[in-house]
Amino acid sequence: MFQDKMAIMQVLGSILKNPLLLADSSKYELTNDDFPEKFHKIIFAAIFNLYSEGTEVINEVNVDGFLKEYDIQYAIFNENNGVEYLYRIQELAEESNYDYYYRRLKKFSLIREMDGLGFNIKELYNDEIIDPKEKEAMMEKFDKLSIEDILKVYETKMIEVKDKFKANSESQGIQAGEGAKSLLKRLQESPDIGVPLNSESLTSIFRGSRKKKYYIRSSITGGGKTRHMVADACRLSATHIYDLDLKEWKANDFQERTVVISTEMLFEELQTIAIAYISGIDEEKILYNDLTDEERALVEKAADILESSPIWFEQLPNFNVKDIEQTIEKNVVLNGVEYVYFDYIHSSVKVFSEMSKASGVGLREDQILLLMSIRLKDICNKYYVYLMSATQLNGEWKEAWSKGAIIDSTYIRGGKSIIDKADGGMIILPISKMEYKDTEEIVATGFMKKPNYVTHIFKNRGNRVDKAKVFSHINMGNMRITDLFVTNTDNELITVKKLIVKQQKEPEQTTDEEFAF
């Protein structure tokens, strides 16, 4: 049995002396599985239950009294001289060493867990060694290992096994020039350009929303990640969109089939965003019913348009990757969807369960989010769809933003490796004071609107512009975007080849003019 009885005595003795150690669950997380013998399990369960019931002082007397109510457990407790044992471990325990013995206890729990799963743990801890010197050397090596080190050993083994035995049906090989001429002919007839995003600048920089491409557009909590996706979907799929300048309805030049998969918003919340975008009426006015007769007519017309447009909404409040794939497959097969918007990458109870079960080991949140991002790219390729998703930002973005630092994948919550498989990566934030000051001269050259948001582009696979900032005026009430200009990361104006996608499935690349909308 893999255990360290001194660590067990020190941990049990310490929580007897100071039950508040059980309160810090973010730092110390003890369970019955940390104690392999029934005797120790019974003691821990008694202490934990007494603490949970509000007992402030716990000792051998009230543990004995608690266990008297349970015949089987009390018999085991007495067979092991439980009262004397509790008295002794309280004298032995040194609270100042609790961290060390807690970590040691958890290391042995992990070793037992891996042994139970069938892993060979003897290379890390071999309790069959007889020779004293060998045993001392093994223990010294084991003592230096952290839980993360042990997990890494088995994660590496799993990767090696997968690489050795996996049969990747997608792996293929060709002679380098095979099909090259037909490729050139196809590009001549139909350039590799996708349909627009809800931003002329981003459409040009990313060459549109292209099939088998996976973009991630991240922002802060409440930064409008889902709102942007609904707007992108409406730009491609709404049959008509109200032109606020001409004051008339215009037929959309695109009729693509889209789906927005939301993990948090209700259907009606998505619908009001879409109606606001299509009609151009601020969503808040719709929600508060603060509408003029003219605005009400536009909103009602927008609702009719939404009802007849090839846009689908899906809800996945508690999901795993299999749920996402099944939802996408359903919409591809039943609704002919080719453009998918999954509102953002984050962990859920089902994701944790699915990934941990698949890997056979406990994974950290950042590892799970990385695996999830990889699977989204695989799904994008498998179903030949365009896929847009998003992430939250970590807590470091605000200081970097206020100081004018370059905003990139460093500030992605869950680690920048999430972006590795993405074809495009961007972060959208309000304009900072420093950015506003640095671009005052550019704005003064005659723009009708002032920028209030900046899209920081930090990855753009296969395109010329991969580090840039798009300054825009975004009306978050109706999600209409006016792109103003593009700069490099130093806020210096740059020229970007302007792309106009004129009609569905027949895109054209036109002039080299600078963005100035």
Side-chain angles (χ1 to χ4, degrees), residues 1-16 21 28-48 72-73 75-82 84-86 88-94 96-166 355-364 367:
M1 187 178 293
F2 305 108
Q3 62 176 324
D4 182 335
K5 290 201 172 184
M6 177 57 73
I8 291 171
M9 288 190 291
Q10 287 284 343
V11 168
L12 290 175
S14 293
I15 62 175
L16 269 171
L21 288 169
Y28 307 118
E29 187 177 355
L30 293 171
T31 71
N32 280 347
D33 292 335
D34 293 320
F35 307 95
E37 294 185 25
K38 284 186 178 180
F39 174 55
H40 298 132
K41 287 181 186 289
I42 290 167
I43 290 174
F44 172 73
I47 296 171
F48 186 82
I72 296 174
Q73 289 84 349
I76 295 172
F77 180 72
N78 285 325
E79 285 170 10
N80 289 272
N81 298 315
E84 183 183 338
Y85 179 83
L86 293 179
R88 184 157 48 91
I89 64 174
Q90 288 178 84
E91 285 192 329
L92 179 69
E94 294 286 347
S96 58
N97 294 327
Y98 182 74
D99 279 4
Y100 168 77
Y101 286 110
Y102 169 80
R103 288 195 298 270
R104 191 164 178 78
L105 184 78
K106 297 301 283 190
K107 278 168 43 174
F108 276 95
S109 294
L110 177 57
I111 286 293
R112 291 193 301 275
E113 182 80 14
M114 302 314 297
D115 182 58
L117 290 170
F119 286 93
N120 178 13
I121 55 89
K122 287 185 178 179
E123 62 185 293
L124 298 182
Y125 185 85
N126 187 355
D127 61 351
E128 297 177 2
I129 294 176
I130 298 175
D131 184 271
K133 287 187 177 180
E134 284 186 38
K135 190 162 189 174
E136 183 181 355
M138 183 271 292
M139 290 299 297
E140 184 179 351
K141 185 178 178 182
F142 181 73
D143 286 343
K144 291 178 180 178
L145 292 174
S146 66
I147 286 177
E148 289 72 23
D149 293 333
I150 296 171
L151 284 172
K152 189 173 182 179
V153 169
Y154 294 110
E155 287 170 8
T156 302
K157 288 183 179 296
M158 285 300 300
I159 291 170
E160 290 172 351
V161 170
K162 286 180 180 178
D163 286 343
K164 186 176 180 180
F165 289 101
K166 70 179 180 182
M355 294 294 187
S356 297
K357 185 177 180 181
S359 65
V361 296
L363 298 175
R364 301 188 307 271
Q367 294 172 314

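Each residue takes its place number in the sequence, starting with 1. Only a predicted model underlies this, so the values are computations on that prediction, with no experimental measurement involved.
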Search all heavy atoms of K41 against all heavy atoms of N32 and return the closest pair with its distance. NZ-O, 2.9 Å
Going by the rule salt bridge (charged side-chain N to carboxylate O under 4.0 Å, His left out), which residues pair with E123 if we only count those two or more places apart in sequence or in a different chain? K157
Under 4.5 Å between any side-chain heavy atoms of L30 and L105, yes or no? yes
When every non-hydrogen atom of L21 is compared with those of S14, the smallest separation belongs to CD1-O, 3.8 Å
Any side-chain heavy atom of I15 within less than 4.5 Å of one from F44? yes
With sequence neighbours left out, what residues match K144 under side-chain hydrogen bond (donor to acceptor under 3.5 Å, both in side chains)? none
Can you say whether the rings of Y125 and F2 are parallel (under 30°), tilted (30 to 60°) or perpendicular (over 60°)? perpendicular
Side chains of L117 and Y154: closer than 4.5 Å at any heavy-atom pair? no
Side-chain contact test, heavy atoms from C-beta onward, threshold under 4.5 Å: evaluate it for R104 versus Y100 and give yes or no. yes
Checking side chain to side chain contact (heavy atoms under 4.5 Å, CB included) for the pair L12/F35: CA distance, chi angles, key distance, verdict? CA-CA 10 Å; L12 290 175; F35 307 95; 3.8 Å; yes
Got F39 and N81 here, is their nearest side-chain heavy-atom distance under 4.5 Å? no
Pairwise distance CD(E113) to CG(L151) - rounded to 0.5 angstrom: 10.0 Å
Rounded to the nearest 0.5 Å, the CD atom of E128 sits from the NZ atom of K135 at a distance of 10.5 Å
Would you say N80's side chain and G82's backbone share a donor-acceptor pair under 3.5 angstrom? no
Between K106 and E29, does any side-chain N to carboxylate O distance fall below 4.0 Å? no
Please evaluate residues F142 and I150 with respect to the criterion side chain to side chain contact (heavy atoms under 4.5 Å, CB included), reporting the C-alpha separation (whole Å), side-chain torsions for both, the decisive distance (0.1 Å), and the verdict. CA-CA 9 Å; F142 181 73; I150 296 171; 4.2 Å; yes
Counting distance only, does the side-chain N/O of R112 pair as donor-acceptor with the main-chain N or O of D34 below 3.5 Å? yes
Heavy-atom closest contact (Q10 atom, E94 atom, distance): OE1-N, 2.9 Å
Greater than 12 external heavy atoms within 6.0 Å of M6's CE: no
Is any side-chain heavy atom of K107 less than 4.5 Å from a side-chain heavy atom of I147? yes
Surrounding CD of Q90 (heavy atoms of other residues, nucleotides or ligands, distance under 6.0 Å), is the total greater than 12? yes
Of all the heavy-atom pairs spanning L124 and M138, show the shortest one and how long it is. O-SD, 4.1 Å
Does some side-chain heavy atom of M9 sit less than 4.5 Å from a side-chain heavy atom of Y85? yes
